[in-house]
Amino acid sequence: MSLDRRRFLAASLALAAAGPAAAQSYGQSFKVENDEGRPVANMRLPGEITGQIEELRGVTFIGPRDAEVTLYEFFDYNCPYCRKAAADIGALVESDPALRIGLVNNPILSPMSAQAAKVALAVQKKLGSAAAFKVYAELLGTPGKIDGLKALEVAAKSGVSRAELETIGDSPEVGTALRAQMHVAANLGLSATPSYVLGNVGILGHPGAKSLARMIAAMRRCDQIACG
């Protein structure tokens, strides 16, 4: 699955500079701490942009459609912090079946990440979210760099041939879906991976499983990531 490095990097830089939220710096709209007790960067986001996430094609959703709370993770397959996040997301899926999680590709670190994302999107398109979630978990649990070939190797275990996955991944529809996901991430100012959207709040970086659980509980109590 080929991707011209210079064109991809130029596109990524353009996306990172786009949109109203990207020009703002994240501070602490809410006083929340990570699992080590350090402040977590977060910012209120425009509802007209966060509302677009639900409509994006190719988002992997886990959990009930009518869930009271949805947590969105924006991630890159070559982000080391995303590896820890993936394990914590998996634990959340097991411990909180009432939570809905949406996994959104944001491959801003390298062309290899975009190649892997295209394979994952091919699985999503062919087999749906349950299969795509398994690919997400296995890829982020795999040591070393993740590129298109590694993603194809893992994704082929789902029962779809590598040739078919590559054809779907290289399709205009998958390319459009990936660009749309990255565009929304850029418009929300999500310049770090992983980052999260919970309600209308953006959270930069992975705060840890306990911190995420506290924010989710607060959303259920007071519709904010921290209750006064």
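Source: prediction; values computed, not measured.
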N106 versus L190, closest heavy-atom pair with distance: ND2-O, 3.5 Å
If you take the centroid of each ring, where Trp contributes its six-membered ring, are Y136 and F75 closer together than 6.0 Å? yes
Any donor-acceptor N or O pair under 3.5 Å, side chains Y77, Q115: no
For T50, all residues meeting side chain to side chain donor-acceptor pair (under 3.5 Å), sequence neighbours excluded: N200
Please list all pairs meeting ring pair (Phe, Tyr, Trp, His ring centres under 6.0 Å) that have one or both residues in residues 204-228, counting only residues at least two apart or in different chains. Y196-H206
Any donor-acceptor pair under 3.5 Å linking the side chain of Q181 with the backbone of R57? yes
T193 vs Y81, test: side-chain contact (heavy atoms from CB on, under 4.5 Å). Steps then yes/no. CA-CA 7 Å; T193 55; Y81 302 103; over 6 Å; no
Can you pull the side-chain hydrogen bond (donor to acceptor under 3.5 Å, both in side chains) pairs that have at least one residue in residues 120-135, sequence neighbours excluded? T60-Q124, Q124-S129, K125-E173, K126-E164
Rounded to the nearest 0.5 Å, what separation is found between the SG atom of C82 and the CG atom of L109? 7.5 Å
Any side-chain to backbone donor/acceptor pair from Q28 onto P39? Under 3.5 Å, distance only. no
Atom of A98, atom of P64 and distance for their closest heavy-atom approach: O-CG, 3.8 Å
Quick check for you: to the nearest 0.5 Å, what is the distance between Q52 atom CD and N187 atom CG? 7.0 Å
Shortest non-hydrogen contact from S211 toward D35: N-OD1, 2.7 Å
Test of understanding: with side chain to side chain donor-acceptor pair (under 3.5 Å), list the residues that count as partners of N42, not counting sequence neighbours. none
Could you tell me whether R100 and E54 make a salt bridge, using a distance below 4.0 angstrom between a side-chain N and a carboxylate O? yes
How long is the span from the CG atom in L71 to the CD1 atom in I62, to the nearest 0.5 Å? 12.5 Å
Checking D76 against S113: is there a side-chain donor and acceptor pair closer than 3.5 Å? yes
Applying side-chain hydrogen bond (donor to acceptor under 3.5 Å, both in side chains), which residue pairs with at least one partner in residues 218-228 are found, sequence neighbours left out? D96-R220
Rounded distance (nearest 0.5 Å) linking atom CG of L127 with atom OG of S158: 5.0 Å
For L198 and T70, the nearest pair of non-hydrogen atoms, with its separation, is CD1-O, 3.6 Å
To check you understand the geometry: which heavy-atom pair defines the closest contact between G144 and R83, and what is its length? O-NH2, 2.7 Å
From OG1 (T142) to NZ (K150), nearest 0.5 Å: 6.0 Å
Under 4.0 Å between a Lys/Arg side-chain N and an Asp/Glu carboxylate O for K118 and E166? no
Looking at residues at least two apart in the chain, or sitting in another chain, which of them share a ring-ring contact (aromatic ring centres under 6.0 Å, His included) with F74? none
Nearest heavy-atom neighbours spanning N34 and P207: CB-O, 3.1 Å
What's the separation between atom OG in S195 and atom OH in Y72, rounded to the nearest 0.5 Å? 15.5 Å
